[in-house]
Amino acid sequence: MTQDIILQTESLTRDFNGFRAVDSVSLSVRRGHIHAIIGPNGAGKTTFFNLLTNFIRPSAGKVMYEGVNITARSSADIANLGIVRSFQISAVFPHLTLLQNIRIALQKRAGKGLNFWSSKRILNQFDDQAMQILALVRLESLHDKLAVEIAYGQKRALELATTIALDPKLVLLDEPTQGMGHEDVEHIMELVRQVAQNRTVVMVEHNMKVVAGISDQITVLARGKELASGTYSDVSRNEAVIEAYMGRKRKRNIGTAHDNA
Ligand SMILES: Nc1ncnc2c1ncn2[C@@H]1O[C@H](COP(=O)(O)OP(=O)(O)O)[C@@H](O)[C@H]1O
Ligand SMILES: [Mg+2]
């Protein structure tokens, strides 16, 4: 394994009662890349994602992170190693303010053993930093609002902000633009770019405009298998990919079928 590869799966497989949802997927994610996982509904994208953080146990295969086998590690252990999955329900506390939400993430990162409760000065420091992060995602004017009070697109921006606050090495994003209007999609694209500075992002994404716009590398899954990997122009011209998306061979851009922008 070369030093450039931050995450690698080796023949990763998951069966559900005899049905193979993820079928021997061997994928390499390069450090610093935005790597998109795409594919038709039922392709195994979500299951694959869940296998990466041992949210679901693999039936076979391995997950290697920084050259270390993390396949059997607990999800909490994996988070401590610097892999953070965004858009989990637990990421945002609805009845705390936006500022408090970011502060908790910052405190978590500053972490263990540090008696940060005692010092008002340190708490204020966290607040300053939290405001900077809120500004980054254009939520600073809402810092006093409860998370439950803000709009859907803003909530997703807040989730990304808590992810930034945790400063992980590898971010896993599960459909960051799901359910969003055009304007929010543009904003989230920009935010994902920002999140990806100095770190690696793996994302499942349906919106082909987003995939084409920000991915360095794309892996296409179909029926649990890796169909193709490459740049957008590589995979969008791949016959097997076109066929998987269209159901039959037709010369069309894969973006047209699934573009939900
Ligand atoms: N917990 C489960 N039990 C049984 N089958 C499942 C389970 N999770 C997913 N599957 C099946 O595995 C296949 C892949 O699902 P999923 O990973 O959600 O696909 P995608 O995210 O690409 O739409 C689907 O056929 C789905 O029905
Ligand atoms: Mg899915």
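On a predicted model such as this, the values are computed, not experimentally measured, just so you know. Whatever order the structure lists them in is the order used to number ligands and atoms, beginning at 1.
Look at Arg31 and Glu66 and you find a salt bridge, because one of the NZ, NE, NH1 or NH2 atoms lies within 4.0 Å of a carboxylate O, short of that distance. Taking 4.0 Å as the cut-off between side-chain N and carboxylate O, Asp23 and Arg14 do not count as a salt-bridged pair. Taking the charged nitrogens against the carboxylate oxygens, Glu186 and Lys209 do have a contact shorter than 4.0 Å, which makes a salt bridge.
Distances from the Mg ion (ligand 2) show that Asn41 has no N/O/S atom below 2.8 Å.
Below 4.0 Å from some heavy atom of Asn41 lie the following atoms of ligand 1, by number and element: 23 (O). Listed by number with element, the atoms of ligand 1 under 4.0 angstrom from any heavy atom of Ala43 are 19 (O), 20 (P), 22 (O). Atoms of ligand 1 lying under 4.0 Å from at least one heavy atom of Thr47, given by number and element, are 9 (C), 15 (O), 16 (P), 17 (O).
With Phe49 as the aromatic partner, Arg85 does not meet the cation-pi criteria of under 6.0 angstrom to the ring centre and within 45 degrees of the ring axis.
Looking only at heavy atoms of the protein, atom 19 (O) of ligand 1 is closest to Gly44 N, 3.1 Å. For atom 14 (C) of ligand 1, the closest non-hydrogen atom on the protein side is Gly42 O, 3.4 Å. Of the protein's heavy atoms, Phe19 CE2, 3.9 Å lies nearest to atom 11 (C) of ligand 1. The protein heavy atom nearest to atom 6 (C) of ligand 1 is Phe16 CD1, 3.3 Å. Protein heavy atom nearest atom 18 (O) of ligand 1, with residue, atom name and distance: Thr46 CB, 3.8 Å.
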>> Walk me through whether Gln178 and His206 qualify under side-chain hydrogen bond (donor to acceptor under 3.5 Å, both in side chains).
In response: CA-CA 8 Å; Gln178 191 184 30; His206 274 113; 5.9 Å; no
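Looking at heavy atoms from C-beta onward, Val220 lies out of side-chain contact with Ile37 at the 4.5 angstrom threshold.
No hydrogens or angles considered: a donor-acceptor pair under 3.5 Å links the side chains of Gln8 and Ser28.
Checked against a 3.5 angstrom limit, the closest N/O atoms of Ala21 and ligand 1 fall outside it.
Protein heavy atoms are found less than 4.0 angstrom from atom 3 (N) of ligand 1. Distance check for atom 9 (C) of ligand 1: a protein heavy atom is found below 4.0 Å.
Leu146 and Met131 end up in different hydrophobic clusters when Ile, Leu, Val, Met, Phe, Trp and Tyr side chains are linked at under 4.5 Å.
Just one of Arg103, Gln132, Gln100 meets the side chain to side chain donor-acceptor pair (under 3.5 Å) condition when paired with Asp127; it is Arg103.
At a 4.0 Å heavy-atom cut-off, ligand 1 does not touch Phe48 at all.
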